[in-house]
K.L.:
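Shown below is the structure under consideration.
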Amino acid sequence: MKRGGLPPVRDIFFAGFLGVLLTLGLRRPFLFVVGYIYIDIVSPQRLSYYLLNSVPVSLIMFSLAILGWAITDRKDDMRIAPRQILLLLLLVYAGLTTFYISDAFRVEAFEKWDWVWKSMVFAIFLPLTMRTKLRIETVLLFMSLSLAAIVIGAGIKTVFGGSGYGSFAMMVDDNSGIYEDSTLSTAAIMIIPIVLWFTKHGTIFKPDWRVRVFCYALCLACLLTPIGTQARTGLVCAMFLAILMLRDNKYRMRFIAGAALAGLVALPLLPAAFSERMGTIQNYQADESAGTRIAVWQWTFEFVQENPLGGGFDAYRGNSLSYYATSRDQQGNVTNRMITDQGRAYHSSYFEMLGEQGWIGLALWLLIHAIGIVRMEWLRRHYRGDDIPDDQQWIAPLATALQHAQLVFLLGALFVGIAYQPIFLMLLAVQIGLDTYLARCRKRDGFRPIAEMLEEPGTPKLVPKAQPGGY
């Protein structure tokens, strides 16, 4: 971070906010958990000039979160989900590839390992803390608002004409992590279903007109982010999310017509650079970035034929690429030019997992996500219908929102290496937390859909008890 530019009032604000969280956490230790979520997403230590950039705030908050849970949380009926075990296995395997396989680029591999293991450990730990609906909602709220701190600024900058791929600096002049253009665009579109859930089922902030206006404005900022960053991944994710939303939409034709009308109105207002960059989706042979990705993917597939266990973190640094790019001028003349490159990143989470952790790592990663999609679909189907009690009406919409968010992530992950990014691992953790919470409720209080219970002859018509909503 370069010194100068902004006044130190930014440092005072970040330090003051974290100080308030730490103070409140002494009374409600769960706030240490959501405080770490805020730090992991926003990274205030990277935004600070003086006060926080020399203090290990992430380590402090994470340690307090673990300590607070160990001392104050109930441990009875604590459930370890299969996906937590799979995440632990993937963590161990990634560690083995880092320490024993990654030889050529050990320094770079350990730099990535330094933040990956922390993100994965927190994703394994987080579901253990989500024992109530209020806690689940609080985690989602902090995830949404933490991302909103970045996305709102990105949306405003886009409206006032600021855009550019690779140069769309938000709060930090660093095109990495969540602040990388394609990563931010994917996360912004991914969070939209969760934000919309708050407009109907939120309880921390009652979904009145003020909450709805803020949520809709935040969704607009999320949609503007891919325009400002000019990230093609964001556009593809937005179109995919629109298709997913048709599944539960009662007025599908109106939705399609409204989306088409909005697109036609917005098209003339889009920056020329954005339109030109989006046009390379159809003519990817003429785009050097797209051509490089395909060449890297081919290299990765050939690499794992000789190294089926993977090459460890940042194994891509050993690649050397040569490929032809095709372009056509206005007269229709076709030109082929040879492109040579080396040390290019995977630009895909799937090939990132394949190249770094081999077939075993890719299989574990795909299995983790496949289970998440199936479990959210199970919850979606079993907690919906006219016979579901009012205190359970929030479950199916939340399962649907989490499933849609995961599917958007998996699509964006085709084109961006974000397999270990914290916010996406947190999404998996919330899915696990919701699933284990409902499993405890079903075991303890007969917390099951009325329609499902009526299908079983001789089963008493139980009315589930209201779950405690405190921290």
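As the structure is a prediction and not an experimental result, all values here were calculated from the model.
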K.L.:
Parallel under 30°, tilted from 30 to 60°, perpendicular over 60°: which one fits the rings of W297 and F415?
P.N.:
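Tilted, since the angle between the ring planes falls between 30° and 60°.
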
K.L.:
Start with the C-alpha gap between Y316 and T300, add the side-chain angles, then the distance that decides, and say whether side chain to side chain contact (heavy atoms under 4.5 Å, CB included) holds.
P.N.:
CA-CA 8 Å; Y316 71 86; T300 305; over 6 Å; no

K.L.:
Going by side chain to side chain donor-acceptor pair (under 3.5 Å), name the residues that satisfy it together with Y36, two or more places apart in sequence or in a different chain.
P.N.:
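Y36 satisfies side chain to side chain donor-acceptor pair (under 3.5 Å) with no residue once adjacent residues are dropped.
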
K.L.:
If you apply the rule salt bridge (Lys or Arg N to Asp or Glu O under 4.0 Å), what do you find for K206 with D208, and how did you get there?
P.N.:
CA-CA 6 Å; K206 297 295 183 181; D208 56 13; over 6 Å; no

K.L.:
Kindly assign one of parallel, tilted or perpendicular to the pair Y437 and W394, based on the angle between their ring planes and the thresholds 30° and 60°.
P.N.:
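Geometry flag for W394 against Y437: tilted rings.
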
K.L.:
Go through the structure and list residues passing side chain to side chain contact (heavy atoms under 4.5 Å, CB included) with I360, not counting sequence neighbours.
P.N.:
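Partners of I360 by the side chain to side chain contact (heavy atoms under 4.5 Å, CB included) criterion, ordered by chain and then number, come out as Y93, L309, L364.
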
K.L.:
Whether the side chain of Y350 engages the backbone of L410 through a donor-acceptor N/O pair (distance < 3.5 Å, no angle test) should be reported.
P.N.:
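Judged by distance alone, yes, a pair lies under 3.5 Å.
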
K.L.:
Determine whether the aromatic ring centres of residues F205 and F214 are separated by less than 6.0 angstrom.
P.N.:
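Centroid separation for F214 and F205: 6.0 Å or greater.
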
K.L.:
For the aromatic rings, using the six-membered ring if either is Trp, is the centroid distance between F99 and F110 under 6.0 Å?
P.N.:
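Between F99 and F110, the centre distance is under 6.0 Å.
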
K.L.:
Could you please spell out the steps behind the side chain to side chain contact (heavy atoms under 4.5 Å, CB included) verdict for I80 and L128?
P.N.:
CA-CA 8 Å; I80 304 296; L128 302 179; 3.7 Å; yes

K.L.:
State which residues pass ring pair (Phe, Tyr, Trp, His ring centres under 6.0 Å) with F303; sequence neighbours excluded, sorted by chain then number.
P.N.:
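F303 satisfies ring pair (Phe, Tyr, Trp, His ring centres under 6.0 Å) with W299 once adjacent residues are dropped.
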
K.L.:
Identify the residue among R380, Q431, R247 that makes a side chain to side chain donor-acceptor pair (under 3.5 Å) with Q403.
P.N.:
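The residue from R380, Q431, R247 that satisfies side chain to side chain donor-acceptor pair (under 3.5 Å) with Q403 turns out to be R247.
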
K.L.:
Can you list everything that forms a side chain to side chain donor-acceptor pair (under 3.5 Å) with S58? Sequence neighbours excluded, please.
P.N.:
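Testing S58 for side chain to side chain donor-acceptor pair (under 3.5 Å), a comparison that skips the adjacent residues, returns none.
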
K.L.:
Using side chain to side chain contact (heavy atoms under 4.5 Å, CB included), reason through D314 and E111 one step at a time and then give a plain yes or no.
P.N.:
CA-CA 9 Å; D314 281 9; E111 286 179 356; 6.0 Å; no

K.L.:
For S185, which residues count as a side chain to side chain donor-acceptor pair (under 3.5 Å) partner, sequence neighbours excluded?
P.N.:
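If we apply the side chain to side chain donor-acceptor pair (under 3.5 Å) test to S185, skipping adjacent residues, the hits are T229.
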
K.L.:
Can a donor-acceptor pair be found between the side chains of E137 and T203 at a distance below 3.5 Å?
P.N.:
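E137 vs T203: donor-acceptor pair found between side chains.
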
K.L.:
Is the NZ or CZ atom of R375 both under 6.0 Å from the centre of the six-membered ring of W378 and within 45° of that ring's axis?
P.N.:
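Flagged: R375 positioned over aromatic ring of W378.
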
K.L.:
Testing L425, I432, L87 for side chain to side chain contact (heavy atoms under 4.5 Å, CB included) with I368, which one passes?
P.N.:
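Exactly one pass, corresponding to L87.
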
K.L.:
I would like to know whether R106 and W113 meet side chain to side chain contact (heavy atoms under 4.5 Å, CB included); could you show each step before the answer?
P.N.:
CA-CA 10 Å; R106 293 190 67 82; W113 167 254; over 6 Å; no

K.L.:
With sequence neighbours excluded, tell me which residues meet side chain to side chain donor-acceptor pair (under 3.5 Å) with K112.
P.N.:
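Testing K112 for side chain to side chain donor-acceptor pair (under 3.5 Å), a comparison that skips the adjacent residues, returns E352, E356.
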
